[in-house]
> 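Handing you a structure now.
Quick caveat, the model's predicted, so the values are computed rather than measured. Numbers here are sequence positions counted from 1.
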Amino acid sequence: MKENVNLKKKFSVNEINALASASLFQGINSDEISSLLSCLEATIKTFVKGSFIQRAGDEISQIGIVVNGSAEVMQEDALGRKTILTTIGRSGIFGEAIVTAHLEKSPVSVIATQETAICFLNYQSIVTTCGSACLFHNRLIQNMLEIMAKKTLLLSKKLNYALMKSIRDKITAYLLDEYDRKGKTTITILYNREELADYLSIDRSALSRELSKMREEGLIEYRKNDFNLLFIKEK
């Protein structure tokens, strides 16, 4: 796969705005973020579609925030079978659990799914206050704790899918979670069929067959990533 194509330390207004939308910087305004970036040893790298942002086995000391584009966090077993753990969009964060746990090597890979710009921040600079930006550090640390708690809940959901015995149960649980998250029965999911199969740990052909059966039974309608959840009766 191709590697990153650009590295810089200067941030544009659009890039600052993307960081301001990130959960790590919640409660901190754009001007304050600008003053923090130097303290946090921030750099931006741009990655072409399909390139590794981070490889399993890499030593990790930074967290990443998606400034533009999107990425997948995936894990591969000894037989080469890939499992997508999550997809990260604009302002999403990754790597925080690895550096917090002080793991020597990353157990996962992160891959750009389109041309993607990542802001990398030194983790120790986040959790260690300094004289120039200490007014903001307590907020940063609080935000980091909230991020970790939410990620734990998301991983718990994925484990719940894996423990389900039937393919239909996995699909239904995933669609219900998306319904709960978006609050409507017409939804657009993040994954194509191959990615959804990887995410739910299902064979792709088996996934397609089950989706077709559910459509024939009048439970769902779909076209590509757009789904209408007919089995849910809205009030």
> May I have the step-by-step check of side-chain contact (heavy atoms from CB on, under 4.5 Å) for I167 and R209, ending in yes or no?
CA-CA 10 Å; I167 293 173; R209 285 194 300 270; over 6 Å; no
> Are I189 and L230 connected, step by step, through hydrophobic side chains (Ile, Leu, Val, Met, Phe, Trp, Tyr) whose heavy atoms are closer than 4.5 Å?
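Result: no, two separate clusters.
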> Drop me the distance from E15's CD to S30's OG, to the nearest 0.5 angstrom.
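Separation between the atoms: 12.5 Å.
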> Going by the ring-ring contact (aromatic ring centres under 6.0 Å, His included) test, which pairs reach into residues 206-233, not counting sequence neighbours?
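ring-ring contact (aromatic ring centres under 6.0 Å, His included) check on residues 206-233 returns Y222-F227.
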> Given side chains that start at C-beta, do those of I28 and L140 come closer than 4.5 Å, heavy atoms only?
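In short, these two side chains touch, coming nearer than 4.5 Å.
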> Going by heavy atoms in the side chains, are L37 and I16 under 4.5 Å from each other?
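Side chain of L37 against side chain of I16, heavy atoms only: contact under 4.5 Å found.
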> Determine whether the side chains of Q75 and T83 contain a donor N or O and an acceptor N or O closer than 3.5 Å.
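The answer is no; no qualifying pair exists.
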> Roughly how far apart are I126 CD1 and N143 CG, rounded to 0.5 Å?
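Going from CD1 on I126 over to CG on N143, the span is 10.5 Å.
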> Salt bridge check: are E178 and R181 linked by an N-O gap of less than 4.0 Å?
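Yes, this pair counts.
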> Answer whether the closest heavy-atom distance between the side chains of V108 and I98 falls below 4.5 Å.
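They are in side-chain contact.
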> For K182, I'd like to know if atom NZ has over 12 heavy atoms of other residues, nucleotides or ligands within 6.0 Å.
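Counting neighbours around NZ of K182, more than 12 heavy atoms of other residues, nucleotides or ligands fall under 6.0 Å, so yes.
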> Between K45 and I53, is there a side-chain heavy-atom distance shorter than 4.5 Å?
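Side chain of I53 against side chain of K45, heavy atoms only: no contact under 4.5 Å found.
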> Which residue pairs pass the salt bridge (charged side-chain N to carboxylate O under 4.0 Å, His left out) test when at least one of the two sits in residues 30-42, sequence neighbours left out?
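For residues 30-42, and leaving out neighbouring residues, there are no salt bridge (charged side-chain N to carboxylate O under 4.0 Å, His left out) pairs at all.
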> Rounded to the nearest 0.5 Å, how far does CG of L229 lie from OG1 of T186?
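So the OG1 of T186 and the CG of L229 are separated by 7.5 Å.
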> What's the separation between atom CD1 in I141 and atom CE in M144, rounded to the nearest 0.5 Å?
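Going from CD1 on I141 over to CE on M144, the span is 9.0 Å.
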> Does the side chain of F25 reach to within under 4.5 Å of the side chain of L36, using non-hydrogen atoms?
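A side-chain contact under 4.5 Å exists here.
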> Taking all atoms of both residues into account, what is the closest heavy-atom pair of A206 and I202, and its distance?
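For A206 versus I202, the nearest heavy atoms are CB-CG2, 4.3 Å.
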> So how far is it from I220 CD1 to L175 CG, rounded to the nearest 0.5 Å?
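Rounded to the nearest 0.5 Å, the CD1-CG separation comes to 6.5 Å.
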> Of all the heavy-atom pairs spanning S21 and S91, show the shortest one and how long it is.
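Taking every non-hydrogen atom into account, CB-OG, 3.3 Å.
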> Does the side chain of S109 reach to within under 4.5 Å of the side chain of F52, using non-hydrogen atoms?
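Sidechains of F52 and S109: in contact.
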> Distance check, rounded to the nearest 0.5 Å: I111 atom CD1 versus I88 atom CD1?
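If we round to the nearest 0.5 Å, I111:CD1 and I88:CD1 are 11.5 Å apart.
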> If you take all heavy atoms of L19 and C119, which pair is closest and at what distance?
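Smallest interatomic distance, heavy atoms only, reads CD2-CB, 3.9 Å.
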> Could you tell me which non-hydrogen atom of A197 sits nearest to which non-hydrogen atom of L207, and how far apart they are?
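Distance-wise, the nearest heavy atoms are N-CD2, 3.7 Å.
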> Do you know the tightest heavy-atom contact between P107 and L103?
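What the structure gives for the nearest pair is CD-CD1, 4.1 Å.
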> Pair M74, D198 - check side-chain contact (heavy atoms from CB on, under 4.5 Å), show working.
CA-CA 9 Å; M74 55 85 67; D198 288 338; over 6 Å; no
> Taking the side chain as everything from C-beta on, heavy atoms only, tell me whether L121 gets closer than 4.5 Å to Q62.
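Contact flag for L121/Q62 side chains = no.
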> Side-chain contact, heavy-atom cut-off 4.5 Å: I118 with F94?
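Yes, at least one pair of side-chain atoms sits under 4.5 Å.
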> Report the relative orientation of the aromatic rings in Y191 and Y174; use parallel for angles under 30°, tilted for 30 to 60°, perpendicular for over 60°.
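Aromatic pair Y191/Y174 classed tilted.
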> Please evaluate residues D177 and Y161 with respect to the criterion side-chain contact (heavy atoms from CB on, under 4.5 Å), reporting the C-alpha separation (whole Å), side-chain torsions for both, the decisive distance (0.1 Å), and the verdict.
CA-CA 11 Å; D177 283 340; Y161 302 148; 2.4 Å; yes
> List the steps, then state whether side-chain contact (heavy atoms from CB on, under 4.5 Å) holds for L219 with T172.
CA-CA 10 Å; L219 298 174; T172 302; over 6 Å; no
> Are I84 and M164 grouped together when hydrophobic residues (ILVMFWY) are joined by side-chain heavy atoms under 4.5 angstrom apart?
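No, separate clusters.
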> Under 3.5 Å, is there a donor-acceptor pair between the side chain of T116 and the main chain of S70?
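Yes.
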> Test: salt bridge (charged side-chain N to carboxylate O under 4.0 Å, His left out). Region: residues 159-168. Which pairs qualify, not counting sequence neighbours?
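Every pair satisfying salt bridge (charged side-chain N to carboxylate O under 4.0 Å, His left out) with a residue in residues 159-168: R168-E210, R168-E217.
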> Looking only at non-hydrogen atoms, find the nearest pair between L190 and T87 and report the distance.
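Taking L190 first and T87 second, the nearest heavy atoms are CD1-CB, 4.1 Å.
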> If we ignore hydrogens and angles and just use 3.5 Å, is the side chain of R90 paired with the main-chain N or O of V66 as donor and acceptor?
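Answer holds: no.
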> Whether the side chain of T185 engages the backbone of N228 through a donor-acceptor N/O pair (distance < 3.5 Å, no angle test) should be reported.
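Side chain of T185 to backbone of N228, a donor-acceptor pair under 3.5 Å: no, none is there.
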